Amino acid sequence: MYNKMRIFAHLKIAHTMIKRQQIKEVFKETAYGKEVRVMGWVKTFRNNQFIALNDGSCMANLQVVVDFANTDESLLKRITTGAAIAATGKIVESLGKGQSVEVKATEIEILGDSDPEKYPLQPKKHSLEFLREIAHLRFRTNTFNAVFKVRHALAFAVHQFFNDRGFVYMHTPVITASDAEGAGEMFKVTTLDLNETPRKEDGSIDFSQDFFGRATNLTVSGQLEGELAAMAFGQIYTFGPTFRAENSNTTRHLAEFWMIEPEVAFFDLEDNMQLAEDMLKYVISYALEHCKEELEFLNGRLLEEEKNKPQQERSELALIDKLSFCLGNDFVRLTYTEAIDILRNSKPNQKKQFKYLIEGWGADLQSEHERYLVEKHFKKPVILTDYPADIKAFYMRQNEVDSEGRRTVRAMDILFPGIGEIVGGSQREERLDRLTDRMKAMHIPEEELWWYLDTRRFGSAPHAGFGLGFERLVLFVTGMTNIRDVIAFPRFPKSAEF
RNA sequence: UCCUGAGUAGCUCAGCCGGUUAGAGCAUCUGACUGUUAAUCAGAGGGUCGCUGGUUCGAGCCCAGCCUCAGGAGCCA
């Protein structure tokens, strides 16, 4: 009697007293027969008997076995793809193949139903295009599970890298009044009634009546503010959202993206390049170490996809091999001028296969040229430096005019295979007169940037920094090909649904 | 914004030279089966052929405009 009661009591309290465990932890359990409680979402329910359950803690699904003969049919009907359930049961060695352990359920509770006629995710392969249309649900797929775990790891690794080196994380403003950075079209920020904007006598909008008393925009870069902080802390970085109102419709542009911008006092361009290369290698190796399961999945996904491509278009290395290769090799460093020489003598240029032929010095490099250098000629990441001054921003440090009268600046772009420009940076022009000369030539109003120029007036020092497009990094590491698939809710022209 | 291609069932796609009632696989539903791995087998339901207009006896198919998506280019990170 006593024993019976104990057993009975034990069963009674099963669903209230047993603490819910993450599936990731259940897989680590070694004691067969141990009672566990898990909660998650049903991926598939096979044979009226086998639930593939996922709670997001790991990629692998836990197999929960239902004793269908002794389970109410109305409950079985509610175990559908997408439903949230709680399951209590014993850990047992799996009789089937495909998993070593499974949970033999003694109790199943439906936490949230999922109407199978309406739930759009099916236990089958979906196109990324379709999943983009249901961005609110696509996290529940294997691919996006993996992508966003890797994204998280990379973000964490970025902070770890800089923190370990004594950098200060600066939060630069999202709303900015300066319209002079020249990094692209900006989104306007206003509280004015757009139907009745106050006007000045000359008919232009009177922004003095706006919230900030002046015209404001969303930031296109935290660099200028970052430089101010670097002139006190020595080394800082920013990591925040950045906005560009360009009408860009490509696989590598977003209207809202996350950018990492370190800025370091007393650094020259060489130091800057080394920092960027070290950082990229650090975060990639962090992902390789901490996202094995996810990267292996993405690696396999990519191999599957490659099977459908013609031989020519297939990549030479699988994803994980590509990442390892990237870690094991120094990035190639060369000047713009050297790159032009290589391109001018290249086969596609000689055979006139480039759409834009390289004829002389001074033109900006097109995508096809960057791709040739990175993917065909060097076959590894490339850092291009010392671009013509005319095609680069005003704040970049000017080199002395060379023997042929060419004006260059201490710029550097890091080009990655398949991605293109992943980092853009430079040593900054710290000499006030050279900087203001350049601003005049480029029609950038000095009055608006008086605070920026103050850094050159009071204790100016050599310094350098760069901007890293975080989503482009995630693209490279996950092997995804469209930037809209590596950010949760992508913003791009005609799209801000979620 | 430019170039190219696409838009047909919930998803992936086929649909011939313009011709009768627009098809398949998967998903869903019903039934069978019950150690399955995107289970399997049998059956059923499911369509504003992107939208608007035009040509034609007749348009999913031809023409024009628009919308959306994909890939490439430009802008860039």
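In what follows, chains are A, B, ... by sequence order, proteins preceding strands, each numbered from 1. Keep in mind the model is a prediction, meaning the values are calculated, not measured.
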Expressed as a whole number of angstroms, how long is the span from [X]:[atom1] to [N]:[atom2]?
X      : N     : atom1 : atom2 : result
A:E73  : B:C29 : CD    : C1'   : 14 Å
A:L468 : B:C76 : CG    : C1'   : 13 Å
A:R244 : B:A77 : CZ    : P     : 5 Å
A:M259 : B:C76 : CE    : C1'   : 10 Å
A:K97  : B:G35 : NZ    : P     : 14 Å
A:F45  : B:A38 : CZ    : P     : 16 Å
A:I51  : B:U37 : CD1   : C1'   : 14 Å
A:Y387 : B:C76 : OH    : C1'   : 12 Å

Would A:K322 pass as a cation-pi partner of A:F476, given that its NZ or CZ must be under 6.0 Å from the six-membered ring centre and within 45 degrees of the axis? yes
Are the aromatic rings of A:F139 and A:F489 close, with centres under 6.0 Å apart? yes
So, do A:Y169 and A:Y237 have ring centers that fall under 6.0 Å from each other? yes
Upstream residue (5' side of RNA chain B) when A:F50 and A:F470 are each assigned their closest nucleotide: A:F50
Taking for each residue the nucleotide of RNA chain B with the nearest heavy atom, is it A:S127 or A:E93 whose nucleotide lies nearer the 5' end? A:S127
Using the ring of each side chain (for Trp, its six-membered ring), is A:F416 parallel, tilted or perpendicular to A:F331, with breaks at 30° and 60°? perpendicular
Once you measure the plane-to-plane angle for A:W361 and A:Y336, does it fall in the parallel (<30°), tilted (30-60°) or perpendicular (>60°) bin? perpendicular
Show the nearest heavy-atom pair for residues A:L295 and A:V150, with the distance to one decimal. CD2-CG2, 4.1 Å
At their closest point, which heavy atom of A:E359 faces which heavy atom of A:R344, and how far apart are they? O-NE, 3.4 Å
Regarding A:S426 and A:R428, do their side chains bring together a donor and an acceptor under 3.5 Å, going by distance alone? yes
May I ask you to say what [X] touches in the nucleic acid, namely base, sugar-phosphate or nothing, with a heavy-atom cut-off under 4.0 Å?
X      : value
A:K104 : base
A:G96  : base
A:E102 : base
A:F130 : sugar-phosphate
A:L254 : base
A:I422 : sugar-phosphate

With sequence neighbours excluded, tell me which residues meet salt bridge (charged side-chain N to carboxylate O under 4.0 Å, His left out) with [X].
X      : answer
A:R132 : A:D485
A:E25  : A:K28
A:K379 : A:E316
A:K281 : A:E277, A:D330

Indicate yes or no: does [X] engage [Y] in a salt bridge with an N to O separation below 4.0 Å.
X      : Y      : answer
A:E270 : A:R333 : yes
A:R472 : A:E421 : no
A:R78  : A:D72  : no

Which whole number of Å gives the distance between the [atom1] atom of [N] and that of [M]?
N     : M     : atom1 : result
B:U4  : B:U12 : P     : 25 Å
B:A14 : B:G53 : P     : 28 Å
B:C49 : B:G18 : C1'   : 15 Å
B:C2  : B:C63 : C1'   : 24 Å
B:A32 : B:G19 : P     : 45 Å
B:U28 : B:A38 : C1'   : 15 Å
B:A59 : B:G50 : P     : 15 Å
B:U52 : B:G15 : C1'   : 24 Å

Give each protein N/O atom lying under 3.5 Å from an N/O atom of nucleotides 70-73 of chain B, with the pair distance.
from, atom 1, to, atom 2, distance (Å)
B:A70, OP1, A:R132, NH1, 2.7
B:A70, OP2, A:R484, NH1, 3.0
B:G71, OP1, A:N482, ND2, 3.3
B:G71, OP2, A:N482, ND2, 3.2
B:G72, OP2, A:T251, OG1, 3.3
B:A73, N6, A:N249, O, 3.4

side-chain hydrogen bond (donor to acceptor under 3.5 Å, both in side chains) filter on A:N272, not counting sequence neighbours, yields none
Going by modelled atom types, is there a donor-acceptor pair between the base of B:U36 and the side chain of A:Q99 at under 3.5 Å? yes
Is any side-chain N or O of A:R46 closer than 4.0 Å to OP1 or OP2 of B:A39? yes
Using a cut-off of less than 4.0 Å, is there contact between a side-chain N or O of A:S221 and OP1 or OP2 of B:A77? no
Sub-4.0 Å heavy-atom contacts from residues 61-72 of chain A onto RNA chain B, ordered by number: A:Q63, A:F68
Within a strict 4.5 Å, meaning less than it, do heavy atoms of the A:T81 and A:Q122 side chains meet? no
Pairs under 3.5 angstrom, nitrogen or oxygen only, protein versus nucleotides 42-45 of chain B, please.
none

Contact list (N/O, under 3.5 angstrom) for nucleotides 24-27 of chain B vs protein:
from, atom 1, to, atom 2, distance (Å)
B:A27, O4', A:Q122, OE1, 3.4

For RNA chain B, what are the stems built from at least three Watson-Crick or G-U pairs in a row, each pair having both distances below 3.5 Å? B:1-7 with B:67-73, B:10-13 with B:23-26, B:28-32 with B:40-44, B:50-54 with B:62-66
Per the side-chain hydrogen bond (donor to acceptor under 3.5 Å, both in side chains) rule, what does the pair list look like for residues 347-356 of chain A, sequence neighbours excluded? none
Residues that A:F27 engages under side chain to side chain contact (heavy atoms under 4.5 Å, CB included), provided they are two or more places apart: A:I23, A:C58, A:A60, A:L62, A:V101
